[in-house]
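Inspection log for the structure reproduced underneath, given as structure tokens.
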Amino acid sequence: MRAPTPATLLDAWERGGEGSPAMRGLLLLDTADTGLGRDGLARLAIGRRDALLLRLRQRLFGDAMEAVVACPACAARVELSLSCGELLAVDHGDGEVPFAIDIPLDGKMVTAQLPATVDLLAIEACETPADARDMLLQRCTGSLAWTDDEATQLEAAMAAADPMADIELACRCPACAGAWTPGFDIARYLWSEVHAWALRFLREVDLIARTYHWREEDILALTPTRRQAYLELCAS
């Protein structure tokens, strides 16, 4: 995987402005040279997708991540230091598509494909969480004929087979000593970083353009070193 050029990343950021987290994650991965193509990326199991997003984040912004969460008990702000490498330690597999598993259920074997971005995009139109759950199970197993207990067993088996799909962080509040496990969504986190980067970068492009009267495409084509040199000249 290679980091995208600034122009490519800006284009993805612009196209994802009104998109959902699932669509934004797909747009970000599409900027990297994964060799899977848009359709292949959309059909990756969510855990495989998130592993690729963590690797993309390493290439764009480095390994260390900082986050702030609110304690559910006392509402204190708790700062977290995260590592892409540590989160990737639970990764498995090599991104093969499709990713399906056999689940023993009441004396029979059920073949289920693990949820992928294409499934998350499909359930976005559902009006209730229950409708979304039913549609997701139908898409993954090809059937709606599941009792609540069977559905729970199927969901648990799929979650166990794809641990990267639901990352939980172990947190403890320094103020009240309360412990909890908030979820971590790399697609949302990385998009917020790309959004902040895009605004900073465009301000830099604007400064160079107003100073030298260059076109945006010419400024985007500059190497980072030369672009930084011109920014320093603009400020001198």
Side-chain angles (χ1 to χ4, degrees), residues 1 3-4 9 12-13 15-32 34 36 38 41-72 75 77-93 95 99 114-126 128-129 132-133 135-137 139-140 155-156 158-173 179-199:
M1 177 188 291
L9 195 57
W13 168 76
R15 287 186 287 133
E18 300 298 326
S20 64
M23 177 55 69
R24 288 172 172 177
L26 183 60
L27 286 171
L28 290 176
L29 282 182
D30 200 33
T31 67
T34 63
L36 296 174
R38 174 71 67 88
L41 290 169
R43 296 186 181 281
L44 280 178
I46 295 301
R48 300 298 309 135
R49 178 206 69 171
D50 286 358
L52 288 176
L53 284 171
L54 282 166
R55 292 188 173 93
L56 177 60
R57 200 278 175 186
Q58 285 178 313
R59 284 158 177 75
L60 288 174
F61 305 118
D63 183 72
M65 298 183 290
E66 303 295 330
V68 177
V69 295
C71 173
R77 288 166 56 87
V78 180
E79 297 181 357
L80 303 177
S81 295
L82 309 174
S83 162
C84 294
E86 290 180 1
L87 294 178
L88 283 167
V90 298
D91 187 21
H92 63 91
F99 189 0
L114 300 182
T117 298
V118 66
D119 302 307
L120 300 186
L121 294 174
I123 67 175
E124 287 178 355
C126 293
T128 67
R133 182 196 192 198
M135 177 181 284
L136 188 60
L137 276 174
R139 291 180 63 89
C140 291
E155 290 168 338
M158 289 188 286
D162 194 19
M164 284 288 293
D166 187 18
I167 298 175
E168 292 186 336
L169 307 175
C171 295
R172 182 171 295 277
C173 179
W180 78 105
T181 54
F184 178 72
D185 187 340
I186 182 57
R188 290 179 183 270
Y189 184 92
L190 181 55
W191 185 265
S192 69
E193 288 188 308
V194 169
H195 178 70
W197 166 86
L199 296 180

Please tell me if the side chains of Leu41 and Thr34 come closer than 4.5 Å, counting only heavy atoms from C-beta onward. yes
Side chain of Arg57, backbone of Ala64: donor and acceptor closer than 3.5 Å? yes
Minimum heavy-atom separation for Met1 and Ala32, please, with both atom names. CG-CB, 3.7 Å
Could you give me the CA-CA distance, side-chain angles and deciding distance for Arg48 and Leu53, then say whether side-chain contact (heavy atoms from CB on, under 4.5 Å) is met? CA-CA 9 Å; Arg48 300 298 309 135; Leu53 284 171; over 6 Å; no
Side chains of Val78 and Arg172, heavy atoms from C-beta outward: is any pair under 4.5 Å? no
Only one of Arg49, Arg43, Arg139 clears salt bridge (Lys or Arg N to Asp or Glu O under 4.0 Å) with Asp119; which? Arg139
Could you pull out the closest heavy-atom pair between Ile46 and Ala116, with the gap in Å? CD1-C, 3.5 Å
I want to check something: taking the side chain as every heavy atom from C-beta on, are Leu36 and Leu52 in contact at a cut-off of under 4.5 Å? yes
Return the minimal non-hydrogen interatomic distance between Pro21 and Ala187, and the atom names on each side. O-CB, 4.0 Å
So, do Pro115 and Leu136 sit near enough that their side-chain heavy atoms are less than 4.5 Å apart? yes
Rounded distance [0.5 Å steps], SG in Cys140 versus CG in Leu114: 7.5 Å
Find the distance between CZ (Arg55) and CD1 (Ile186) and round it off to the nearest 0.5 Å. 12.0 Å
For the CE atom of Met23 and the CZ atom of Arg15, what is their distance to the nearest 0.5 Å? 9.5 Å
Near Arg188 CZ, under 6.0 Å, is it more than 12 heavy atoms from other residues, nucleotides or ligands? no
To check you understand the geometry: which heavy-atom pair defines the closest contact between Pro4 and Leu56, and what is its length? CD-CD1, 3.8 Å
Heavy-atom distance under 4.5 Å between the side chains of Leu26 and Asp30, does that happen here? no
Polar side-chain atom of Asp63 near backbone of Ser83 as donor-acceptor pair, under 3.5 Å: no
Considering non-hydrogen atoms only, spot the tightest contact between Trp180 and Ala70 and give its length. CZ2-O, 3.8 Å
So, do Glu155 and Leu137 sit near enough that their side-chain heavy atoms are less than 4.5 Å apart? yes
side-chain contact (heavy atoms from CB on, under 4.5 Å) assessment of Leu80 paired with Met65: CA-CA 8 Å; Leu80 303 177; Met65 298 183 290; over 6 Å; no
In Å and rounded to the nearest 0.5 Å, what is the OH to CG distance from Tyr189 to Leu82? 6.5 Å
pair Leu60-Leu9: side-chain heavy atoms closer than 4.5 Å: yes
Which value, rounded to the nearest 0.5 Å, describes the distance between Asp166 atom CG and Met158 atom CE? 12.5 Å
Taken to the nearest 0.5 Å, the spacing of Leu28 CG from Trp13 CH2 works out to 12.5 Å
Would you say Arg24's side chain and Gly17's backbone share a donor-acceptor pair under 3.5 angstrom? yes
Nearest heavy-atom contact between Glu124 and Ala22 is OE2-CB, 3.9 Å
Can you find a pair of side-chain heavy atoms, one from Pro182 and one from Glu168, that are under 4.5 Å apart? no
Matching residue for Leu169 among Val69, Leu87, Thr181 - test: side chain to side chain contact (heavy atoms under 4.5 Å, CB included): Leu87
